[in-house]
Amino acid sequence: MSPDHEPSAAQAFSRLMQAHRSIRRFRSTPVDSAFINRLLAEAWAGTSSSGNLNMVSVVKTFDPERKARLYELHLQQPMVLQAPLVLTFCADSHRTRQWLAQRNARLGFADFYSWHVAAFDAMLLSQTVALALESHGLGICYMGTTVQAMREIADFLELPENCLPVTSLVVGWPDEAPAQRDRLPPPLWIHEERYQRPTPEHIDTHFAERETRGRERYLAMGPEMAQAWQQHGITSLAQYYTSKIKYDPDRAADTSAALQTLLRERGFMAAALPGATPDEVPHGR
Ligand SMILES: Cc1cc2nc3c(=O)[nH]c(=O)nc-3n(C[C@H](O)[C@H](O)[C@H](O)COP(=O)(O)O)c2cc1C
């Protein structure tokens, strides 16, 4: 610990981590827009940014009518309607390219690498914002459906070229206190010096608790879920995960193809710039 580091900051951080739960039920109490702006600015200042390019935009949606449209686009996940605020985090090289153009600089950042840089910056910021919100007692839930509805959300939010949504957070005051969700145990994912491939015994041992708890949790969701498991011949959590009713690999393949098409259309897959060398690309500085 550095000499001027306050132990209380570490304790507060530790408490914050332990208190994390995704929140899917919210009170109707409003969330203040100016407060959110302050928090967003603070979170961005506290988040690293590749090359300090800051190729990220965040769109706030408070308007209930507009949120109702987002609810449709997010596959009708009810928390989009209930939460007073939806934050959409966008990978955005549009602004950077406009700046370059206005300064007669060579244009760039319209390629897959720049998408990667901007998308990861957006994800990094979203997590800092999530922690910042949680530190004030607000609840959040990520919306993975942002990826499935990327085109429609981009159009709805009027995003320009070279700007696409990568994730969203629903935000509000929690109206539930769910139990803490498990994570895979450290021996499975923390490696000493070299990657240690899991043996079949490792998988059996370390997935056992997750399999029991996960299965119980899903089947406790109601008779429809138990019926669906039966209909699809699902007998384990692993089978459920890649079944038609969860993360269907066929659907994932379609989403992947659509994503590539969209990136091409929206200017994130341009061919390499003629004569460009890696040295000229300022990422990572
Ligand atoms: C990128 C991302 C996308 C997610 N998308 C959804 C979603 O669409 N709907 C949902 O209910 N939860 C979503 N979640 C929340 C996860 O289900 C949740 O984080 C996980 O089950 C662990 O629970 P916890 O956050 O309460 O610890 C998402 C989480 C992440 C990181």
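We count ligands from 1, going down the list as the structure has it; atoms in each ligand are counted the same way. When reading the values below, keep in mind they use all heavy atoms of this one structure, side chains included, and skip hydrogens, waters and symmetry mates.
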Under a single-linkage definition using a 4.5 Å side-chain heavy-atom cutoff for Ile, Leu, Val, Met, Phe, Trp and Tyr, are L262 and W115 assigned to the same hydrophobic cluster?
yes
Restricting to heavy atoms, the pick from A130, S168, G144, A179 nearest atom 5 (N) of ligand 1 would be G144
Specify the protein heavy atom at minimum distance from atom 24 (P) of ligand 1: its residue, its atom name, and the distance to 0.1 Å.
H20 NE2, 3.4 Å
In the protein, which heavy atom is nearest to atom 21 (O) of ligand 1, and how far is it?
R181 NH1, 3.2 Å
Taking C-beta and beyond as the side chain, do L131 and F13 meet within less than 4.5 Å on heavy atoms?
yes
Within reach of ligand 1, part of C141 (heavy-atom separation under 4.0 Å):
side chain
Close approach of M79 to ligand 1, heavy atoms, under 4.0 angstrom
yes
How far does OG of S168 sit from CG of L70, to the nearest 0.5 angstrom?
7.5 Å
Taken to the nearest 0.5 Å, the spacing of W44 CH2 from T128 OG1 works out to 8.5 Å
T167 to ligand 1: N or O pair under 3.5 Å?
no
Any atom of ligand 1 sitting under 4.0 Å from a heavy atom of Q180?
no
Shared hydrophobic cluster, L237 / L188 (ILVMFWY, side-chain heavy atoms < 4.5 Å):
no
Is the cationic atom of R215 (NZ for Lys, CZ for Arg) positioned less than 6.0 Å from the six-membered ring centroid of Y240 and within 45 degrees of its normal?
no
Any salt bridge between R97 and E161, counting N to O under 4.0 Å?
no
Using a heavy-atom cut-off of under 4.0 Å, does the side chain or the backbone of Q127 touch ligand 1, or both, or neither?
neither
Atom indices of ligand 1 within 4.0 angstrom of M143 heavy atoms, with elements
5 (N), 8 (O)
Salt bridge flag under 4.0 Å for residues D63 and R69
no
Of the protein's non-hydrogen atoms, which lies at the shortest distance from atom 17 (O) of ligand 1, and what is that distance?
R24 NH2, 3.2 Å
Atom 29 (C) of ligand 1 sits nearest the protein heavy atom Y142 CB, 3.4 Å
Ignoring angles and geometry beyond distance, decide whether R21 reaches within less than 3.5 Å of ligand 1 through its nitrogen or oxygen atoms.
no
Pair R210 + D182: basic N to acidic O under 4.0 Å
yes
Can you figure out which of R183, Q77, M123, H74 has its heavy atom closest to atom 8 (O) of ligand 1?
Q77
Around atom 26 (O) of ligand 1, find the nearest protein heavy atom and jot down its residue, atom name and distance.
S22 N, 2.7 Å
